[in-house]
Structures are given as structure tokens and as C-alpha cells.
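Quick caveat: nothing in here was measured; it's all calculated off a predicted structure.
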Amino acid sequence: MIQQMMKRRRWLIIAPTFNCDGRAASQTITDKLPYLEDAGIDMEVISSVTGERHSRIAHHQVWPLGPSGIRFDYRHVTSKRHGRGFRYKLQTVALSIALAPAILVERILTGLSGHWSWTPAAAIKAWSLNRAQPFDLIFSSGGPVSAHLAGWMAHKLTGLPWIAEVHDPFVNRRDPKENKLRARLSRERWIERVLEKLVCDHAQVAWWFTDAAVMAARGRNPQLGDRGLSVLPGAKQPEVTVSHQYCDVLRIGHFGVLSDSRSLAEFLEGLYIWINRNPSARSVVQLHVFGTGLDPRAKQLAEVWNMWDMIVSHGRLERDPITGESGRTQVTRKMQECDALLLLHGNVPWCAEYIPSKIYEYIWARRPILALTHQNSQLDDLVQRYGGVIANSLDANSVAAAMDVVWSKWKSQSLDPSSVAPVGVDSAVATIMNRVDCALQSSDSYRVA
């Protein structure tokens with residue numbers, strides 16, 4: 001048996017956002033590949049067309065079948081190849097006009113978001129690949145609900161075992177401003193509830209990224225039992241290392257996507273209170289924003305309170321055409337140069353089941369974390385373990401108090417990195433492999449190649 005288990009196995013990975021530079025959902029699965037290979041796994045990947053084709057792994061990029069999905073992916077591909085200039089606008093507007101009637105019919109008939117039609121395309125591709133050269137199991141990773149719906153469909157079409165890596169909880173991620181009755185009647189919300197049940201019914205192993213998320217899923221679906229677990233995804237060690245240097249400005253960096261539910265507004269409210277208490281510090285505190293522009297709520301506050309002199313917006317860092325350096329590598333360097341890293345958790349109810357994956361990159365950057373968190377003790381414990389400072393995202397005075405701590409440490413040049421080892425991808429893969437082997441070794445359907 002030991003000799004048999006040392007033979008290499010073939011896994012088919014279904015991950016829509018695979019190899020998309022800078023996307024957290026992409027990094028979560030892409031970073032696992034070397035460790036899976038070391039564990040004796042040969043892989044092929046099915047993804048959408050929005051990422052870069054992998055240079056080494058067999059990577060099959062699939063277009064969605066529906067018109068709104070085609071429009072979405074075409075916009076992304078065109079932007080990636082040609083930028084967002086005149087050519088992009090001309091082509092995307094022309095495509096939108098051509099597809100408008102079909103998109104209207106699609107929305108009336110399905111009531112689902114545009115990327116639903118990627119699911120059958122990916123499942124059919126999985127069936128075709130398995131017929132050509134059989135796999136040992138299906139591994140869905142996302143992110144997008146379409147990843148796991150495609151994983152379940154591929155499982156039913158091929159009869160292969162299925163494992164699922166659920167990045168965000170399916171249920172309870174509704175916007176609190178959304179009408180409750182409308183959400184209950186929404187076909188998309190219904191699909192999410194059904195999909196969670198499918199994962200809990202059919203996946204041989206399924207894991208979520210927080211203890212609260214897997215407990216909630218098991219509470220709604222007791223049949224999940226011990227096939228469900230919690231795994232911290234971690235992040236890979238940075239390819240570049242920059243020595244941090246203090247300067248005459250306190251540089252607080254935020255990296256990642258902003259939205260109404262994860263807004264800089266709460267931090268700006270606390271910062272505004274703190275600056276009014278410490279007016280002389282205004283000229284030496286800078287908030288550097290990477291990855292996106294300010295969200296609408298934060299932008300409005302910055303205008304009202306005239307805080308633009310403290311905010312430096314860098315936008316998204318793309319691959320450098322001259323050096324060939326990826327956006328992710330550039331971001332890593334910028335993280336390490338900051339004095340402190342701002343982590344926004346949000347303030348919606350499902351924050352209790354969610355940890356921003358950006359925290360694992362922050363930990364590897366070896367800079368102290370200033371975290372605005374909401375009702376998540378596991379996240380608070382993680383921040384404190386690595387010497388970070390925690391504020392209540394709904395309490396501006398709590399944010400101001402956290403700024404006092406950061407400011408005091410910066411003035412004494414004691415914003416030191418934690419000595420605790422970062423959370424690596426290797427430990428996540430080891431946990432997953434152990435559970436998969438235990439669950440599937442005795443299964444007749446788990447064929448070792």
C-alpha cells in the first residue's frame with residue numbers, strides 16, 4: 001500500500017480565477033501547486049479566460065456559454081491586452097450592443113449573475129478531459145459560486161470523487177441593505193443555498209477558511225459531519241525582500257479591493273478624530289492606497305473633511321512591461337516598505353465567518369497590522385498573535401485609540417516585525433492532503449494512477 005500511495009495521482013482543478021495576477025482567489029489555489037506536486041499530484045486546470053495561461057501546468061481556459069458572461073470576460077481580456085483606451089471602448093461598446101437582446105432574454109429566463117454560464121462549459125470540458133485521460137478526483141476552488149457548481153456537475157458527469165475549497169461562505173453573504181424578501185425569492189440566493197447543500201452532501205472533503213464558516217455550514221447541513229473542516233490558507237513566502245527603513249513620514253498602507261461593505265470610510269472617521277487631537281501630526285501621516293481608488297463613501301468623507309493631503313492613491317499595479325515584474329511582486333515590495341499595514345474586515349453580519357486573505361500576505365511582509373475587525377474572534381487572535389493592533393470597525397474612537405498605539409511606536413521606531421513564523425501554504429496543503437488521503441484511500445472510486 002505504501003508503494004502504491006507513492007505513485008503519482010492525477011487531479012483536475014476547477015478554479016475560474018486561476019492565475020489572475022493580484023487576485024486573492026487566484027493566489028489561494030495557484031500558490032498550492034508546487035506543494036501538491038511535491039505530494040505526488042499531477043494536475044490539469046480548468047479556468048476562465050481572464051487569467052494568464054500557466055506556463056508549466058496543463059491549463060484549459062474556457063469561455064462561458066451565456067451572452068452576459070461572454071461580455072464580462074471579453075471586457076477583461078481586451079483590457080488586459082490593449083488597456084482601457086479607445087480600442088477597448090470601441091470593441092466593448094460594439095459587443096454590448098450586439099449582445100444586448102440576448103442578455104435581456106438571459107436575465108429574464110435565469111435571473112442569475114453573468115458568470116453562471118461558465119459552469120456548464122467547465123463541466124463539459126472536465127468530462128471531455130477525463131474521457132481522454134482519466135483523473136483521480138475533481139478539486140474545485142473558489143471564490144465564485146460557479147467553481148463549485150462546475151465541480152459538482154463534473155463529479156456527476158465523471159463519477160470521480162470531489163473535494164471543495166470554499167473561500168467565502170455561500171449563505172449569509174447578502175448585503176444587509178438588500179430587501180430580505182427579495183433576497184429570499186432571489187434565484188441566485190436560492191442557488192447559493194442549494195449549492196452549499198450539494199457540497200455538504202457530495203464532497204468527500206470540503207474546507208472553509210474560518211472555524212465559524214464550517215460550523216455554520218454544518219449547522220445548516222448536519223450530514224457534512226467530519227468531512228468538513230477549517231483550514232487557514234496562508235500565503236507563499238515573498239519572492240523579494242526589502243529591508244524596512246523609517247523616514248520622516250508615518251506610512252500606513254492599504255492593499256486590495258474596496259467596496260461599500262469594506263470601505264476606508266470607517267478608518268477615515270477614526271483618523272479624522274485622531275488628527276483633531278494631534279493636529280501637528282497631520283503633515284507626517286500618509287495613507288497609501290494600492291489596488292484600487294477610494295470607495296464612494298471614503299471619497300465623500302475625504303472631500304467633506306479635506307483629507308486628500310493625507311491620502312496617496314496608487315491604483316492597481318500591473319505587470320511592468322519594462323522589467324517584466326509582476327504586479328504581485330511590486331505589491332510585495334510596497335508592503336514591506338510601509339510602516340504599518342491597514343486591514344479592513346468590513347462590518348456586515350457574515351464577517352463572523354470571514355477572514356480577509358490579505359492578512360496572510362501582510363504577515364509575510366513582516367510589518368505590523370492595524371486591523372479594523374468586526375465580530376470575529378479568530379481574526380482578532382490571528383492579528384494579536386503577530387503583534388498587530390485591533391480596532392472595532394464600528395467605533396471611530398476605537399480606531400483613534402489604535403492610531404495612538406501605532407503613532408507612539410512609530411515615533412520610538414519600535415514598529416517591529418513579529419518573531420512568530422508566518423502562516424505558509426505548505427501547512428495548508430499538508431492538512432488537506434492528510435484529510436483527503438484519510439477520506440479516500442478506502443474508496444473504490446479513488447484510483448491511484
Side-chain angles (χ1 to χ4, degrees), residues 24-25 27-29 31-32 35 143 165-169 172-173 207-217 228-238 244 252-257 261-262 266-267 270 291 331-332 335-336 338-395 398-399 401-403 405-406 409 414-432:
Q27 292 167 193
T28 296
I29 181 60
D31 291 354
K32 288 183 172 69
Y35 302 101
E165 178 176 73
V166 184
H167 296 191
D168 298 327
N172 292 337
R173 52 182 178 184
W207 60 98
W208 286 254
F209 292 165
T210 66
D211 296 337
V214 68
M215 288 174 62
L229 67 152
S230 170
V231 179
L232 295 180
K236 72 174 183 179
Q237 186 172 353
H244 171 261
I252 300 173
H254 177 270
F255 296 78
V257 176
S261 61
R262 187 162 61 188
E266 284 73 25
F267 176 71
V331 163
T332 299
M335 283 184 186
Q336 296 170 7
C338 289
D339 297 300
L341 298 172
L342 177 63
L343 184 74
L344 301 177
H345 187 209
N347 50 39
V348 295
W350 65 275
C351 282
E353 302 176 20
Y354 164 74
I355 291 177
S357 58
K358 190 62 65 180
I359 189 173
Y360 304 109
E361 294 179 76
Y362 279 9
I363 291 170
W364 273 109
R366 301 286 190 172
R367 302 308 308 144
I369 298 171
L370 169 55
L372 276 61
T373 70
H374 181 64
Q375 297 180 349
N376 191 315
S377 58
Q378 188 178 13
L379 174 57
D380 289 347
D381 291 343
L382 196 59
V383 173
Q384 290 176 330
R385 187 192 314 168
Y386 289 95
V389 182
I390 297 171
N392 183 339
S393 63
L394 293 179
D395 185 349
S398 174
V399 176
M403 276 298 302
V405 176
V406 173
K409 288 188 175 184
S414 59
L415 281 170
D416 299 323
S418 169
S419 59
V420 179
V423 183
V425 181
D426 54 345
S427 61
V429 171
T431 300
I432 292 164

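Rounded to the nearest 0.5 Å, atoms CE (M403) and CZ (F267) are 5.0 Å apart. In this structure, NE2 in H244 is found 8.0 Å from SG in C338, a value given to the nearest 0.5 Å. Between the CE atom of M335 and the CG atom of L341 there is a distance of 6.5 Å, given to the nearest 0.5 Å. Going from atom CD of E353 over to atom CH2 of W208 covers 10.5 Å, rounded to the nearest 0.5 Å. The distance from the CD1 atom of I432 to the CH2 atom of W207 is 4.5 Å, given to the nearest 0.5 Å. Summarising the geometry, atom CG belonging to D339 is positioned 12.0 Å from atom CG belonging to L370; distances are rounded to the nearest 0.5 Å.
Between Y362 and F255, the angle of the ring planes goes over 60°, which puts this pair in the perpendicular group of the 30/60° scheme.
Counting only distance, with no hydrogens or angles, the side chain of N376 and the backbone of I355 share no donor-acceptor pair below 3.5 Å. Side-chain atoms of H254 do not come within 3.5 Å of backbone N or O of G291 as any donor-acceptor pair. A donor-acceptor contact shorter than 3.5 Å links the side chain of Q378 to the backbone of D211. In this structure a side-chain-to-backbone donor-acceptor pair under 3.5 Å is missing from T332 to P238.
Between W364 and V423 the shortest heavy-atom distance is NE1-O, 3.3 Å. In terms of heavy-atom proximity, H345 sits nearest to P356 at CD2-CD, 3.7 Å. Closest approach of P233 and A428 over heavy atoms only: O-CB, 3.8 Å. The nearest pair of heavy atoms linking V399 to E266 is CG2-O, 4.1 Å.
Considering only heavy atoms from C-beta on, F209 comes within 4.5 Å of T28 through its side chain.
Side-chain contact annotation: S393 with N347, donor-acceptor N/O pair under 3.5 Å absent. Judged purely by distance below 3.5 Å, without hydrogens or angles, the side chains of Y386 and R367 never pair a donor atom with an acceptor atom.
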